[in-house]
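Right, one structure below, let's go through it.
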2 protein chains.
Amino acid sequence: MWMAELSRLSGLSVPTIKFYLREGLLPAGTATGATRSTYDESHVRRLRLIRALTDVAGLRLDTVKQVLDGIDSAESWHDAVGSAHTRLAGTGEDSAPPTEASLARVDALLEIQGWQLAPGHPQAEILARALDALDEVGHPMSEDMLWFYAHAIRPIAMEEVLWVHSDEHGEEIEADVESAVVRTILTEPVILALRRIGQENVSRQLNEPKPDVPPDMRMWPERDR
Amino acid sequence: MWMAELSRLSGLSVPTIKFYLREGLLPAGTATGATRSTYDESHVRRLRLIRALTDVAGLRLDTVKQVLDGIDSAESWHDAVGSAHTRLAGTGEDSAPPTEASLARVDALLEIQGWQLAPGHPQAEILARALDALDEVGHPMSEDMLWFYAHAIRPIAMEEVLWVHSDEHGEEIEADVESAVVRTILTEPVILALRRIGQENVSRQLNEPKPDVPPDMRMWPERDR
DNA sequence: CAATATTGGACAGTGGAACTATCCAAGTGT
DNA sequence: ACACTTGGATAGTTCCACTGTCCAATATTG
């Protein structure tokens, strides 16, 4: 297919696709002359992936590029997801580094969990930085709470890794790597949304045991559908 | 204290603080004349809160403003968190609306969970949009997986709400509301970081039962500390 | 074969977000 | 008296993610 159809199928304008080509986010098509190239289904998929990572996961384009490069060059699931997580660390990273105290807390937590992480792991730093932020605003996370989160999240991570490994039937390593990375990233909004929905529900069940709430009490605008 | 000291204590430049004042993120100080105002500890706290929400939670300034306004005007925990979640919906929201199919999936899931949410709830739409994104990139989330996530996250939300309610001793509603909202938001990076750390650990334990990994196999740069 | 449309490539321009800088007149401290 | 600080207003900067324009080469259509 040509550029025009690629634009039509992806829903993106031709200038935007050209921009992604320039930025190295989309591989070039097959040149059929000096001023013409053809594209295929892989380009459509790549464009959809770029938009999902930016629009839904909220990644920036340079992060998307690093994640995509990581997928293309990864040798294994562990490589790819680790690499993707490292790239993801960059999100909003012009703030202060974490304190030694919270880094020590994180190390201790991982120790108790039986998890070994080399010092300086980007996610450990993000975690420590978040604990610092809670301290700084005067709402520190207690050791109990942190412990609870670690234990509650552990089975999620466990199950996710097992899903991927049970999907591995020997071949299609490329597809598996992409699948693992993309699922890992795009599931983040799913988890956060489920948590927010759950909180509101539990809270409402505690606050309003009576089910007769006037419709004007609702806090979000009505959707027309 | 004066502007200069507020700047020193918060670590933000005077022009930046002036900018936050203009944007309505920081309440004005107490005017002591036409060209002078004094600020207090509450202004320092507010500035730290703004930076935590932008740097750590990745919120945009207009979202921060809505969250802060919600805290200041909320009557109850449920109000405040619900309002904050509604404001948070705006993150990355110029993309397509969710499909009817995924909205129906979400409705069914909530039904099974025993959760009642009015149609059009922003978090339900975010969830549906994320499911659509997974479909679009060719890695759909199975019903089993979605069900698993919902069940795994439910106790987290439950515990979190119970923590807040056990903290409520009658007064200091303002502080409780802020605490609940700030904790809810700033815990999101904690949860995501724990999940990523957990995944890498489970994955490594499956991939490399032998603990003698050469140091050049590590995928993140060494930190000097 | 001629007229019209499309493409790749280069480059400049736009709009939003979050600051950052400059001015100035009113006021403060010494 | 006089340098210094502040509030208020306005303009400028940087980064990001596009968007628009131009042109020569090439396809497509008549």
Side-chain angles (χ1 to χ4, degrees), chain A residues 1-40 43 46-47 49-68 87 90-95, chain B residues 1-40 43 46-47 49-68 87 90-95:
Chain A
M1 72 184 75
W2 287 292
M3 175 63 84
E5 189 164 8
L6 182 59
S7 168
R8 200 178 52 74
L9 288 178
S10 65
L12 298 173
S13 70
V14 172
T16 298
I17 296 175
K18 283 180 162 188
F19 171 71
Y20 289 163
L21 284 168
R22 277 201 303 283
E23 297 291 305
L25 288 161
L26 183 70
T30 313
T32 64
T35 66
R36 212 137 266 231
S37 300
T38 63
Y39 306 90
D40 57 29
H43 293 87
R46 173 60 62 102
L47 287 175
L49 183 50
I50 293 168
R51 296 315 298 218
L53 292 177
T54 55
D55 292 347
V56 176
L59 301 191
R60 295 188 330 193
L61 287 188
D62 57 355
T63 308
V64 171
K65 176 159 172 48
Q66 292 181 314
V67 168
L68 294 176
R87 311 300 170 229
T91 330
E93 199 54 50
D94 36 40
S95 59
Chain B
M1 72 183 76
W2 287 294
M3 174 63 85
E5 189 165 8
L6 182 60
S7 167
R8 199 177 53 75
L9 287 177
S10 65
L12 298 172
S13 71
V14 172
T16 298
I17 296 174
K18 282 179 162 189
F19 172 70
Y20 289 164
L21 284 167
R22 279 202 302 284
E23 297 291 305
L25 288 162
L26 183 70
T30 312
T32 65
T35 66
R36 211 139 267 229
S37 301
T38 62
Y39 306 89
D40 57 29
H43 293 87
R46 173 59 62 101
L47 287 175
L49 183 50
I50 293 169
R51 296 314 298 220
L53 292 177
T54 55
D55 292 346
V56 177
L59 302 191
R60 293 187 329 195
L61 285 187
D62 58 355
T63 309
V64 171
K65 177 163 170 46
Q66 293 181 312
V67 168
L68 293 176
R87 310 302 170 226
T91 331
E93 199 54 53
D94 38 37
S95 59

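To find a chain, count down the sequence lines: A is the first, B the second, and so on, and within it residues start at 1.
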Exercise for the section: Can you sort out the partners of B:Asp62 under side chain to side chain donor-acceptor pair (under 3.5 Å), two or more places apart, ordered by chain and number? Expected result: B:Arg60
Practice task
Mind checking B:Ala31 for me? I need base, sugar-phosphate or nothing, with any heavy atom below 4.0 Å counting as a touch.
Solution key: nothing
Practice task
Sequence neighbours left out, what passes side chain to side chain donor-acceptor pair (under 3.5 Å) with A:Lys18? Give chain and number order.
Solution key: none
Practice task
Measure from OH on A:Tyr20 to P on C:dG9 and round the result to the nearest Å.
Solution key: 19 Å
Handout entry: Nearest-0.5 Å distance, CG of residue A:Leu59 to CD of residue A:Gln66
Key = 10.5 Å
Exercise for the section: Only pairs at least two apart or in different chains count here, so list each salt bridge (charged side-chain N to carboxylate O under 4.0 Å, His left out) that has a residue in residues 26-39 of chain A. Expected result: none
Exercise for the section: Only counting residues at least two apart or in another chain, list the ones meeting side chain to side chain donor-acceptor pair (under 3.5 Å) with A:Thr16. Expected result: A:Ser13
Exercise for the section: For the pair A:Leu9 and A:Leu47, evaluate side chain to side chain contact (heavy atoms under 4.5 Å, CB included) and give the outcome as yes or no after the intermediate values. Expected result: CA-CA 10 Å; A:Leu9 288 178; A:Leu47 287 175; over 6 Å; no
Problem - Interface limits on DNA chain D, where chain A has a heavy atom under 4.0 Å of a nucleotide atom - result: D:dA17 to D:dT28
Problem - Contact state string [nucleotides 20-30 of chain C, B base, S sugar-phosphate only, - no protein heavy atom under 4.0 Å] - result: B-----BSS--
Completion exercise
So the side-chain hydrogen bond (donor to acceptor under 3.5 Å, both in side chains) pairs with at least one residue in residues 2-11 of chain B (sequence neighbours excluded) are B:Glu5-B:Arg8
Fill in the blank from the handout: Nearest heavy-atom approach of A:His43 to A:Ala28 is NE2-O, 3.5 Å
Practice task
In whole angstrom, give the distance that lies between atom CD of A:Glu23 and atom C1' of C:dG9.
Solution key: 14 Å
Practice task
Grab the NZ-C1' distance between B:Lys65 and C:dA18 for me, whole Å please.
Solution key: 16 Å
